[in-house]
Structure formats: C-alpha cells, structure tokens
Amino acid sequence: MQRRKFLKKSSLTTAGLLSAPILASCKTENKPENVPVTIVVKKPVAICTWNFMNATAKAWEVLEKGGNALDAVEQGVMVEEADVTNETVGVGGRPDREGNVTLDACIMDKDGNCGSVVYLQNIAHPISVARKVMEDTPHIILAGKGAEQFAYEKGFKKTDLLTESTRKQYEEWKKESKYETVINIENHDTIGMLAIDSNGDIAGACTTSGMAYKVAGRVGDSPIIGAGLYVDNEVGGATATGVGEEVIRTVGSFLIVELMRQGKSPQEACEEGVKRIMKKNEGREDFQIGFLAINKQGETGGYCVHPGFTYREYTQDGHENQPVESFYKK
Ligand code: SD4
C-alpha cells in the first residue's frame with residue numbers, strides 16, 4: 001500500500017520538469033556522478049491536515065489562477081477560521097477554562113519570512129494578523145493584548161468568537177471541569193496547510209484555537225515556527241496537529257524538514273518524527289499527533305500516533321482525502 005501510494009504520488013501526470021545534477025544522496029549504482037537527471041515536479045499542490053475540503057479548494061482556486069503559495073495558504077485556512085462549525089479554529093473555536101477563546105496562528109513564506117500571533121482574542125482571522133506581523137513589522141511573534149491592539153490598528157474588526165454552541169458546551173464542561181486530551185475527537189482539528197505554486201515555491205500556514213478548555217495563557221505548537229509549521233523552500237515544508245506540547249518538545253516540523261533535507265521522503269520523515277516523539281513517551285497512548293509534509297518535488301506524506309488522522313490533497317488530478325498510517329494500529 002505504501003508502495004502503491006508512492007508510485008501514485010510520483011505519477012508523471014505532473015506539471016513541471018526540473019533538471020538537476022545527481023546529488024550524492026540519490027546516486028544510483030549504474031549512473032555516473034554529475035550526470036543530469038530529470039526530476040518530476042508536481043505543482044501546484046495544496047495539502048492540509050484533516051479533511052478540510054473547502055479550505056484546500058480555496059487554496060487550489062488561488063493556485064490554479066497562477067496565484068502564489070503564500071496567498072493560497074492564507075486564503076485556504078481562512079475558510080476554516082470563518083467556519084463556525086469548526087470548533088477548534090477561529091470563530092466558533094472552543095474557549096479556555098475561563099471561557100475565553102484564544103487563538104494561535106503562524107505563516108511562513110518561500111524566503112523564510114514568518115509571522116505569528118499567540119493568545120489572540122476577539123479577532124476572527126489570526127492568520128491574516130500573523131501575515132501582517134510578518135510583512136509590516138520587524139518582529140515574528142506578537143502575543144495577547146499587544147497582538148489584538150496591532151490587529152485593530154491594521155483594520156481588523158472586534159468579533160465575538162464564542163458561539164451559542166461553544167458557550168453551551170463550555171457551561172456543560174464547567175460542571176466537572178475535567179481537562180483531558182481526547183484522541184481524535186473534536187478537540188483536534190487544527191488546520192495546517194502547505195502549498196507549492198506554479199513557480200515551485202512553497203509556503204505554509206497553521207491556525208487553531210488550541211486545546212479545548214486549556215489553562216488560561218497556554219500556547220501550543222501551532223503558532224511556533226519550527227514546531228507547528230516549518231518551510232524551507234529548498235527542501236519542503238511540514239506542519240502538525242495534535243497535542244502541541246509533544247510537538248514543541250521535538251521541534252517537530254523543523255525536524256521533518258531537516259529529515260527531508262537528509263534525503264528522506266515526506267512519508268519517511270513524518271514517520272521518523274512520530275517515532276522520535278514516541279521514544280520520549282514509551283507506552284503512552286493517551287495523545288494524538290499527526291504530521292504532514294511536502295517536498296520540493298511535490299511529493300506528500302503523513303503519519304500519526306493513532307488511526308484517524310487524514311490529510312486533504314488538491315492537485316491538477318483532483319482532490320482526495322489521503323488516509324494516513326499510524327504508530328499504533330488500533
Ligand atoms: C495545540 N496543536 O494547540 C494544537 C491543537 C490541535 O487539532 O492540533 N488541534 O496544541
């Protein structure tokens with residue numbers, strides 16, 4: 001199945017061809033050194049964590065018209081930020097244990113520029129505030145009240161992020177006030193998105209309301225460059241969903257991009273990323289993490305701790321929800 005998936009992903013129905021000298025890491029026995037080989041590049045491509053069909057469709061719409069990867073990932077994840085039925089992103093995200101919805105997001109472009117907001121309240125599109133931090137300030141991360149103030153200065157409107165549904169659920173939760181991570185169930189649905197545009201450039205975005213009923217002030221991996229998201233335009237990009245503390249501890253997305261730099265495929269890199277985490281958590285079964293990656297050739301891959309994580313992929317061949325293999329099989 002892995003092999004089938006690999007062959008499918010390397011299919012020749014792709015858009016770009018790139019000539020490059022053979023790298024030491026991909027030399028084959030019967031090919032001499034420094035002979036040009038043809039590398040098939042699949043582009044454009046948009047992928048995102050979980051089965052967010054509308055978000056990848058939006059990103060694809062941007063890419064198909066020749067738009068750049070940065071615009072595609074921003075506009076793609078904005079679809080989920082605006083969707084009140086997605087209760088872990090943007091408007092309609094679940095609150096912390098004080099009843100406040102606090103949002104985390106980051107974005108990264110092909111040149112390694114990045115912007116991030118953490119613990120942002122009352123703003124519906126944290127990803128666009130993160131982009132403004134990247135483009136309009138000399139900083140990378142703005143937090144809390146300062147981030148909110150910055151957003152108003154940039155013209156973002158104050159928005160009540162709590163909905164009737166999340167307010168009711170919060171009231172219910174307060175009766176027992178139990179904080180536990182629920183594997184794969186609704187308190188995971190962060191959207192991390194990666195795209196390659198028709199120029200072959202890569203960008204990524206990640207946005208979330210974080211773990212439901214978290215301790216006030218808690219920030220997860222999603223807005224942390226290198227943890228929830230990382231892009232290196234020479235190599236590829238990676239993003240994460242799940243229990244952010246474990247992703248931060250391994251600087252997960254950076255790790256995966258570095259593993260791809262060393263020659264691993266996106267699939268192999270995601271597997272190694274999860275295995276590193278599990279090595280530090282031997283025997284623990286009470287958390288989920290899903291990684292997703294794309295390389296410069298447009299190959300994609302994902303891996304997770306428990307079954308249930310999938311990713312959505314949109315290419316010129318159409319769009320698909322890709323099943324992802326897991327560390328634990330049941
Ligand atoms: C966090 N990684 O705040 C996020 C949560 C998440 O789907 O991915 N939810 O830790």
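Computation of the quantities below employed the complete heavy-atom set of this structure, encompassing side-chain atoms and omitting hydrogens, waters and symmetry-equivalent molecules. We count ligands from 1, going down the list as the structure has it; atoms in each ligand are counted the same way.
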With Ile191, which of Thr88, Val73, Val77, Thr56 fulfils side-chain contact (heavy atoms from CB on, under 4.5 Å)? Val77
Can you sort out which atoms of ligand 1 are near Ser222, meaning under 4.0 Å from one of its heavy atoms? 2 (N), 4 (C)
State, without any angle test, whether Asn321 and Arg312 hold a side-chain donor-acceptor pair at a distance under 3.5 Å. no
Which of the numbered atoms in ligand 1 are under 4.0 angstrom from any heavy atom belonging to Asp221? 1 (C), 2 (N), 4 (C), 10 (O)
Atoms of ligand 1 less than 4.0 Å from Thr241 heavy atoms? 6 (C), 7 (O), 8 (O), 9 (N)
Residue pair Arg284 / Glu246, side-chain heavy-atom distance below 4.5 Å: yes
Below 30° counts as parallel, above 60° as perpendicular, anything between as tilted: where do the rings of Trp50 and Phe309 land? perpendicular
Determine whether a donor-acceptor pair (N or O, by modelled atom type, separation under 3.5 Å) exists between the side chain of Asp83 and the backbone of Val79. no
Regarding His125 and Glu81, is there a side-chain donor-to-acceptor distance under 3.5 Å anywhere? yes
What part of Met211 sits under 4.0 Å from ligand 1 if we count only heavy atoms: the side chain, the backbone, both or neither? both
Closer than 4.0 Å to some heavy atom of Gly210 - which atoms of ligand 1 meet that? 3 (O)
Are any of the N or O atoms of Thr190 closer than 3.5 Å to those of ligand 1? yes
Is the shortest N/O to N/O distance between Thr208 and ligand 1 below 3.5 Å? no
If you measure every N/O of Arg218 against every N/O of ligand 1, is any gap under 3.5 Å? yes
Are a donor atom and an acceptor atom from the side chains of Asp201 and Asn233 found within less than 3.5 Å of each other? yes
Any nitrogen or oxygen of Gly220, side chain or backbone, less than 3.5 Å from one on ligand 1? no
